[in-house]
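Each remark here refers to the structure printed beneath this line.
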Amino acid sequence: MIEAKRLREHVEALTAHGPRFEDLPGVPATLRYATDQLSAMGLKVRVERYGRELHEVNLVAEIEGGTSDDAVELCAHWDSVENSPGADDNASGVAGVLEAARALRDADLPARTIRFCLFGGEESHFDGSAAHQAFITEKTESIVFEMIGFTGAAQRLPEELAGFLEAPERGDFIALVADDNSQGLLARFARQLEVPTLPLVLPEFAKEVAMRSDHVPYWEAGRRSLLVTDTAEYRNPHYHHESDTADTLDYDFAAAVVKAAVRTITAIAQ
């Protein structure tokens with residue numbers, strides 16, 4: 001259902017034009033590619049602008065629910081930092097959303113709307129996902145893919161979590177990070193995974209460690225949101241560098257994460 005080969009094709013296409021930053025060529029190329037991919041699946045793509053600049057845009061597509069206005073959203077940010085092609089950060093997440101949309105498009109009519117969100121502005125304080133909060137219902141919840149493609153022999157944990165968690169020996173797991181309100185979402189996702197996982201409900205003293213991606217506006221609005229991450233610079237030496245390229249990623253690992261998301265969303269939306 002979810003093919004590693006297709007994930008790699010998406011990542012290669014998304015990184016082919018360089019960094020996805022402000023007015024660089026990678027921005028329009030990425031927006032066209034994502035729009036074309038979703039449209040080819042029969043999904044209507046809505047452009048959600050939050051500013052006047054070309055890069056100040058979210059792309060949103062959905063499978064409309066039958067009985068509920070509330071949605072479950074699968075999200076990733078399409079932008080990168082200025083000096084990186086951003087294969088793991090975050091073409092891997094975008095590729096995951098595109099493949100999940102392909103897998104879910106022919107599902108039986110869900111009770112709840114299933115929405116696919118590709119956010120701009122994550123690298124500038126979550127501008128896109130923050131603006132998106134004005135368009136969704138109070139009980140909408142989200143799964144946020146924030147780097148899902150890198151595995152490696154080395155793994156660290158943030159200093160703030162020293163003594164609270166034991167660092168895994170290898171970087172071969174996916175981390176699931178929730179606030180207190182989102183624990184149920186974490187538990188449902190974890191049950192679907194076929195790769196090692198590190199589930200973490202953040203203690204209050206370490207909350208700032210994870211306040212760095214598109215789940216944050218959901219948490220701040222009191223909505224449930226789950227951060228799904230390969231832990232960024234705590235594992236990936238290419239994070240925010242020119243070397244964050246498509247050939248560094250583990251696509252079988254990413255495919256397993258996307259499969260778990262599809263299963264979780266299918267269950268939640270019914």
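Salt-bridge formation is detected for the pair R212/E233: a Lys NZ or Arg NE/NH1/NH2 atom is positioned less than 4.0 Å from an Asp or Glu carboxylate oxygen. With respect to the salt-bridge test (charged N to carboxylate O, under 4.0 angstrom), the residues R102 and E99 qualify. The residues E194 and R263 are annotated as salt-bridged, a charged nitrogen and a carboxylate oxygen being separated by less than 4.0 angstrom.
Cation-pi check for R105 over F116 is not met; the charged atom does not lie both under 6.0 angstrom from the ring centroid and within 45 degrees of its normal.
In the model, S182 has a side-chain atom that pairs as donor or acceptor with a side-chain atom of D179 under 3.5 Å. When only modelled atom types and interatomic distance are considered, E73 and H132 share a side-chain donor-acceptor pair under 3.5 Å. If you check the side chains of N83 and H240, you find no donor sitting under 3.5 Å from an acceptor. No hydrogens or angles considered: a donor-acceptor pair under 3.5 Å links the side chains of D70 and T137. A donor-acceptor pair shorter than 3.5 Å can be found between the side chains of S213 and E122.
Of the possible polar contacts, none joining the R8 side chain to the Y251 backbone as a donor-acceptor pair under 3.5 Å is found. Using a distance-only test at 3.5 Å, with no hydrogens or angles considered, no donor-acceptor pair links the side chain of H238 to the main chain of S84. A donor-acceptor pair is defined here as one N or O able to donate and one able to accept, closer than 3.5 Å; such a pair exists between the side chain of T229 and the backbone of E146. Y218 places no side-chain N or O within donor-acceptor distance of the main-chain N or O of V144, the cut-off being under 3.5 Å. A donor-acceptor distance shorter than 3.5 angstrom exists from the side chain of D230 to the backbone of G149, with no hydrogens or angles considered. Remark: side-chain polar atoms of D244 are paired, donor with acceptor, to backbone N or O of D88 under 3.5 angstrom. At least one donor-acceptor pair under 3.5 Å links the side chain of R112 to the backbone N or O of A71. Between the side chain of R20 and the backbone N or O of W78, at least one donor-acceptor pair lies under 3.5 Å. Proximity of a side-chain donor or acceptor of R223 to a complementary backbone N or O of I136 within less than 3.5 Å is detected. Remark: side-chain polar atoms of H77 are paired, donor with acceptor, to backbone N or O of D79 under 3.5 angstrom.
Under the 4.5 Å side-chain heavy-atom criterion for Ile, Leu, Val, Met, Phe, Trp and Tyr, V45 and F119 are members of distinct hydrophobic clusters.
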Ring pair (Phe, Tyr, Trp, His ring centres under 6.0 Å), that's the test. Do F205 and F164 meet it? Break it down for me. CA-CA 10 Å; F205 68 82; F164 181 77; 5.6 Å; yes

Give the intermediate values and the outcome of side-chain contact (heavy atoms from CB on, under 4.5 Å) for residues H215 and V177. CA-CA 10 Å; H215 60 292; V177 184; 5.8 Å; no

For V257 and F145, run side-chain contact (heavy atoms from CB on, under 4.5 Å): C-alpha distance rounded to whole Å, both residues' side-chain angles, the deciding distance at 0.1 Å, then the answer. CA-CA 9 Å; V257 174; F145 281 166; 4.0 Å; yes

Could you walk me through whether L74 and L104 pass the side-chain contact (heavy atoms from CB on, under 4.5 Å) check? CA-CA 11 Å; L74 182 62; L104 289 162; 5.8 Å; no

Worked check of side-chain contact (heavy atoms from CB on, under 4.5 Å) between Q155 and Y234: CA-CA 6 Å; Q155 180 68 52; Y234 297 102; 4.0 Å; yes

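In this structure the side chain of E123 never reaches within 4.5 angstrom of the side chain of E82, judged on heavy atoms.
Residues A269 and V72 approach most closely at CB-CG1, 4.2 Å, considering heavy atoms. Across all non-hydrogen atoms, the minimal contact from P85 to T15 is O-CG2, 3.3 Å. The nearest pair of heavy atoms linking E9 to K5 is OE2-NZ, 2.6 Å. Smallest separation of non-hydrogen atoms from A103 and V262: CB-CG2, 4.2 Å. Closest of all the heavy-atom pairs between P19 and V81 is CB-O, 3.6 Å.
Heavy-atom neighbours of D108 CG from other residues, nucleotides or ligands within 6.0 Å: at or below the threshold of 12. Residue E64 qualifies as open at atom CD: its count of foreign heavy atoms under 6.0 Å is 12 or below. In this structure, D69 places its CG atom where only 12 or fewer heavy-atom neighbours from other residues, nucleotides or ligands lie under 6.0 Å away.
A perpendicular orientation is assigned to the rings of Y33 and H10, their planes being inclined by more than 60° (bins at 30° and 60°).
When each of L185, D180, L186, N181 is checked for a side-chain contact (heavy atoms from CB on, under 4.5 Å) with Q183, only D180 meets the rule.
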